[in-house]
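What follows is one structure encoded as structure tokens, with my remarks underneath.
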Number of protein chains: 4
Amino acid sequence: MEKKLVVKSSVKDENLIEKRREQMIRGAVKLFRKKGFHRATTREIAKEAGFSIGTLYEYIRTKEDVLYLVCDNIYNKVLNRLNGSLDQEGTVEGIRLAIAKYFHLIDNMSDEFLVMYQESKSLPKDALGYVLQKEMEMVALFENLFKTCARSGELRITDEELRIAANHIVVQGQMWAFRRWAFDKDMTIEDYIRIQTDQFLNGIVREREEIR
Amino acid sequence: MEKKLVVKSSVKDENLIEKRREQMIRGAVKLFRKKGFHRATTREIAKEAGFSIGTLYEYIRTKEDVLYLVCDNIYNKVLNRLNGSLDQEGTVEGIRLAIAKYFHLIDNMSDEFLVMYQESKSLPKDALGYVLQKEMEMVALFENLFKTCARSGELRITDEELRIAANHIVVQGQMWAFRRWAFDKDMTIEDYIRIQTDQFLNGIVREREEIR
Amino acid sequence: MEKKLVVKSSVKDENLIEKRREQMIRGAVKLFRKKGFHRATTREIAKEAGFSIGTLYEYIRTKEDVLYLVCDNIYNKVLNRLNGSLDQEGTVEGIRLAIAKYFHLIDNMSDEFLVMYQESKSLPKDALGYVLQKEMEMVALFENLFKTCARSGELRITDEELRIAANHIVVQGQMWAFRRWAFDKDMTIEDYIRIQTDQFLNGIVREREEIR
Amino acid sequence: MEKKLVVKSSVKDENLIEKRREQMIRGAVKLFRKKGFHRATTREIAKEAGFSIGTLYEYIRTKEDVLYLVCDNIYNKVLNRLNGSLDQEGTVEGIRLAIAKYFHLIDNMSDEFLVMYQESKSLPKDALGYVLQKEMEMVALFENLFKTCARSGELRITDEELRIAANHIVVQGQMWAFRRWAFDKDMTIEDYIRIQTDQFLNGIVREREEIR
DNA sequence: TATGAATGAGATTTCATTCAT
DNA sequence: TATGAATGAAATCTCATTCAT
């Protein structure tokens with residue numbers, strides 16, 4: 001398992017680091033959302049964060065560090081919130097809840113998601129690997145959920161399909177952030193969740209139902 | 001309906017323009033794929049295309065023009081190929097074939113797709129609008145296909161679901177390009193098509209089958 | 001009355017701005033004098049000013065800003081010096097002194113004058129307007145001087161002639177900077193002042209003298 | 001006496017050269033007037049002249065050649081027209097006529113004059129010298145005129161003043177082209193000629209008149 | 001710890017000039 | 001003679017990063 005990457009800071013006070021990076025991330029997300037990583041300058045990031053360019057560089061080493069901090073932060077937030085609220089009872093209802101939870105999360109953090117998925121490709125190799133791993137953790141979360149269901153007999157699904165199904169859910173979630181423009185103006189996240197979940201479960205649960 | 005955007009060239013010979021832009025696009029895709037739009041320099045693009053920086057600028061006005069040409073080119077290729085081969089009989093089998101066709105297209109042009117979806121956000125406003133419109137055309141292609149099926153009674157699906165389903169297919173196709181790393185190393189595009197199509201149709205066709 | 005145009009700087013320290021721009025202007029005048037505005041590069045300007053190209057652009061926004069700073073600076077210097085030393089008693093002797101003062105100024109700042117009059121046409125629209133206004137102020141200085149004399153009865157001259165006469169003096173001053181090559185090598189600025197002033201006053205004062 | 005500079009052409013036919021250069025000069029004056037020598041591109045000059053960039057370079061060697069041709073052309077036109085119409089009787093009336101003639105010329109060719117005086121500084125050294133010489137010829141024209149008058153006793157004026165007076169007239173003419181903005185909107189060239197001539201002659205003729 | 005002025009490598013773009021057709 | 005595509009040196013301007021205060 002890969003170790004968490006550490007962004008070097010020349011400041012010692014851990015609390016201060018935490019605080020400043022919080023500011024930095026908030027500002028960066030706003031900026032990256034508006035103009036993308038490459039068009040946002042470090043000066044602008046510092047300004048948006050509320051301190052000077054000099055101070056910014058006390059807490060990071062390169063501009064890419066900012067992007068990494070942003071991505072890392074988002075993944076951790078998502079994983080924490082999801083993890084903390086998924087029951088693993090292995091029921092279809094549990095899956096429904098997990099999907100709803102995840103989709104709502106995306107709806108609330110859509111700026112962050114957009115930034116992360118549009119800009120993470122600009123991360124340096126090592127950071128990219130680390131972030132990819134986070135993404136895999138997220139997929140694994142659903143994969144395990146489905147696996148439990150499969151083991152418990154609630155779903156009949158091959159391992160191959162399982163992996164794809166998990167990716168499917170993760171991607172459908174992103175789709176809400178990325179392609180909202182493609183849907184009816186008055187479609188709510190609730191509508192979206194209902195429709196996606198139904199279609200998804202229909203596609204997956206069917207065989208079992210056929211058995212009935 | 002929006003008019004096709006035109007990239008100004010100071011060269012008059014239309015055939016030459018076509019030829020040079022072909023070279024340019026080929027080189028640009030390769031480069032953008034490797035380092036992204038922002039890190040690829042115009043000099044590199046020219047070199048990769050096989051001519052001098054001065055010549056490059058005889059055929060475009062700004063670097064963003066290159067990106068636009070790339071995106072426009074890809075969409076047109078995809079739309080042409082898809083359009084030319086979709087029957088509109090309104091059968092589930094027709095849908096299967098269309099999906100397969102589209103997914104194969106993506107498999108063949110995955111570099112192009114990746115570039116387009118990762119970089120198109122860097123287009124200037126007007127070009128972005130034009131490209132978005134192309135994306136909607138692609139979605140509409142599937143939407144119409146499904147609508148024909150729905151009308152013919154092959155699918156029972158609301159208009160709301162129809163739109164989402166079409167987006168779903170378009171996105172699942174992109175998923176093959178974007179997340180291949182998440183799937184088993186030895187999963188083939190054929191496997192992927194089979195699994196996705198089955199799950200998709202299960203999710204959508206079911207109700208009708210239930211009727212049977 | 002038009003407001004003074006402001007050249008934006010990303011440096012905050014006002015004193016530093018003043019100092020650096022002083023350096024910049026000195027270097028620019030030297031260079032523009034030698035090769036003209038268009039042939040002088042920003043790199044050369046920076047070098048001549050004694051700092052790097054990056055630093056140069058901390059204090060201006062475009063190359064044209066340099067030209068504007070140069071022109072603005074010269075006009076202000078001239079206007080200040082002239083303004084501070086013109087008595088407005090409305091005597092012919094006062095006019096003599098003013099002309100001498102102005103011609104000496106030009107003799108001392110001929111490089112600056114040459115640059116300003118040869119290059120100001122390259123200013124952007126708004127700056128050009130501002131500079132033109134300065135030129136009009138200079139003309140107005142003499143116009144008022146003459147008007148006072150006319151009112152006091154020292155000169156008999158129509159308003160129409162007054163305006164022309166003021167321009168005449170301004171232009172004769174420039175002529176010393178622009179056409180020194182056309183005069184005898186050993187003509188001094190004193191000679192020039194004497195001859196020009198005599199001819200000018202003869203042309204203008206005569207009628208009144210005739211009356212005597 | 002300096003020899004006329006020759007601009008090399010790779011075309012042999014002298015008539016064609018003449019014709020093409022005529023076109024070129026007309027186009028160039030128009031362009032230089034609008035955007036100045038440096039901002040006008042050779043492509044634009046060619047286009048304005050009515051032929052291709054390739055053709056342009058059949059008739060000149062460098063862009064500066066165009067400027068030289070323009071300046072040379074203007075001076076020759078002016079000198080020819082002036083020369084052909086100056087009587088040398090050595091009367092004050094003759095001077096009046098010469099001045100009027102010259103000022104009218106400038107009024108008719110003010111675009112050309114503006115271009116010449118604003119851009120000639122961009123000529124290469126040798127061409128600059130040649131053009132300067134033309135300027136001196138023009139001054140000499142008036143100088144001689146005045147000298148004849150002085151010899152004939154119509155003017156009492158020293159040689160030193162003579163030179164300056166000739167320059168004065170040449171410059172006052174230019175002033176009409178350069179500073180028309182400074183004069184009343186409804187001042188005509190006739191008004192200007194009258195006023196300038198009167199003031200000038202007053203300044204110069206006075207002593208003699210006093211004798212009367 | 002915080003600041004922000006200084007730096008210079010590097011990016012995009014222009015344009016005079018050439019030369020094959 | 002006429003054309004215009006190709007060239008690449010050179011110009012302007014940006015911006016991540018450093019470092020003295």
Side-chain angles (χ1 to χ4, degrees), chain A residues 9-13 16-17 20 38-47 50-66, chain B residues 9-13 16-17 19-20 38-46 50-66, chain C residues 9-13 16-17 19-20 38-46 50-66, chain D residues 9-13 16-17 20 38-47 50-66:
Chain A
S9 163
S10 36
V11 173
K12 302 296 165 220
D13 184 337
L16 200 50
I17 293 182
R20 293 274 180 264
H38 282 100
R39 292 202 225 272
T41 71
T42 49
R43 275 167 138 101
E44 287 171 316
I45 296 171
K47 193 173 187 184
F51 36 73
S52 72
I53 181 67
T55 302
L56 180 72
Y57 273 87
E58 293 293 316
Y59 294 92
I60 54 159
R61 286 247 272 253
T62 69
K63 189 186 174 190
E64 282 159 345
D65 281 349
V66 180
Chain B
S9 164
S10 35
V11 171
K12 295 173 175 175
D13 184 335
L16 201 50
I17 293 181
K19 182 179 154 199
R20 292 280 178 260
H38 282 101
R39 290 202 229 273
T41 71
T42 49
R43 291 197 119 80
E44 287 171 317
I45 296 171
F51 36 67
S52 71
I53 182 67
T55 299
L56 180 72
Y57 275 90
E58 291 286 305
Y59 294 91
I60 53 161
R61 285 250 265 257
T62 69
K63 189 186 175 191
E64 281 163 344
D65 279 349
V66 180
Chain C
S9 164
S10 35
V11 171
K12 295 171 176 176
D13 185 334
L16 201 50
I17 293 180
K19 183 179 153 197
R20 293 281 179 261
H38 282 102
R39 290 201 228 272
T41 72
T42 50
R43 290 195 122 82
E44 287 171 318
I45 296 171
F51 35 69
S52 71
I53 180 69
T55 298
L56 179 73
Y57 275 91
E58 292 285 305
Y59 295 90
I60 53 159
R61 285 250 265 259
T62 67
K63 188 185 176 189
E64 282 162 344
D65 280 348
V66 180
Chain D
S9 164
S10 36
V11 173
K12 304 295 166 225
D13 183 337
L16 200 49
I17 293 181
R20 293 276 179 263
H38 282 102
R39 293 202 224 273
T41 69
T42 50
R43 275 168 139 102
E44 288 171 316
I45 297 171
K47 193 173 186 186
F51 36 73
S52 73
I53 181 65
T55 301
L56 180 72
Y57 273 87
E58 294 293 316
Y59 295 91
I60 55 160
R61 285 247 273 251
T62 71
K63 189 185 174 190
E64 282 159 344
D65 281 349
V66 179

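Protein chains get the first letters and strands the later ones, always in sequence-line order, with residue 1 at the start of each. Being a predicted model, the structure only gives us computed values, none of them experimental.
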For DNA chain E, the dot-bracket pattern of Watson-Crick and G-U pairs whose distances stay under 3.5 Å, | for other-strand partners | .||||||||||||||||||||
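Considering only residues two or more places apart in sequence or on other chains, A/Thr55 meets the side-chain hydrogen bond (donor to acceptor under 3.5 Å, both in side chains) condition with A/Ser52. Here C/Glu58 pairs with A/Arg43 under the salt bridge (charged side-chain N to carboxylate O under 4.0 Å, His left out) rule; sequence neighbours left out. Partners of B/Glu64 by side chain to side chain contact (heavy atoms under 4.5 Å, CB included), not counting sequence neighbours, listed by chain and number: A/Arg39, B/Phe37, B/Thr62, B/Pro124.
The distance from atom CD1 of B/Ile53 to atom OG1 of B/Thr41, rounded to the nearest 0.5 Å, is 7.5 Å.
If C/Ala40 and B/Arg20 are placed on DNA chain F by their nearest nucleotide, the residue sitting closer to the 5' end is B/Arg20. Taking the nucleotide of DNA chain F with the nearest heavy atom to each of C/His38 and B/Val11, the more 5' of the two is matched to B/Val11.
Using a 4.0 Å cut-off, no side-chain N or O of D/Thr41 falls inside it from OP1 or OP2 of E/dC15.
Using bins of under 30°, 30° to 60° and over 60° for the plane-to-plane angle, the ring pair D/Phe51/D/Tyr59 lands in the tilted bin.
Shown here for B/Ile45 and B/Leu56, the closest heavy-atom pair between the two residues is CG2-CD1, 4.2 Å. Looking at every heavy atom in both residues, D/Ile17 comes nearest to D/Lys12 through CD1-O, 4.4 Å.
For DNA chain F, the outermost nucleotides in 5' to 3' order that have an atom under 4.0 Å from a heavy atom of chain C are F/dA11 to F/dT14.
If you check every strand for non-hydrogen atoms under 4.0 Å, D/Thr42 touches a base.
Across residues 58-65 of chain D, D/Tyr59 each have a non-hydrogen atom less than 4.0 Å from an atom of DNA chain F (numbered order).
Side-chain N/O atoms of B/Arg39 and base N/O atoms of E/dG10 include no donor-acceptor pair closer than 3.5 Å.
In this structure, D/Leu56 atom CG and E/dC15 atom C1' are separated by 13 Å, rounded to whole Å.
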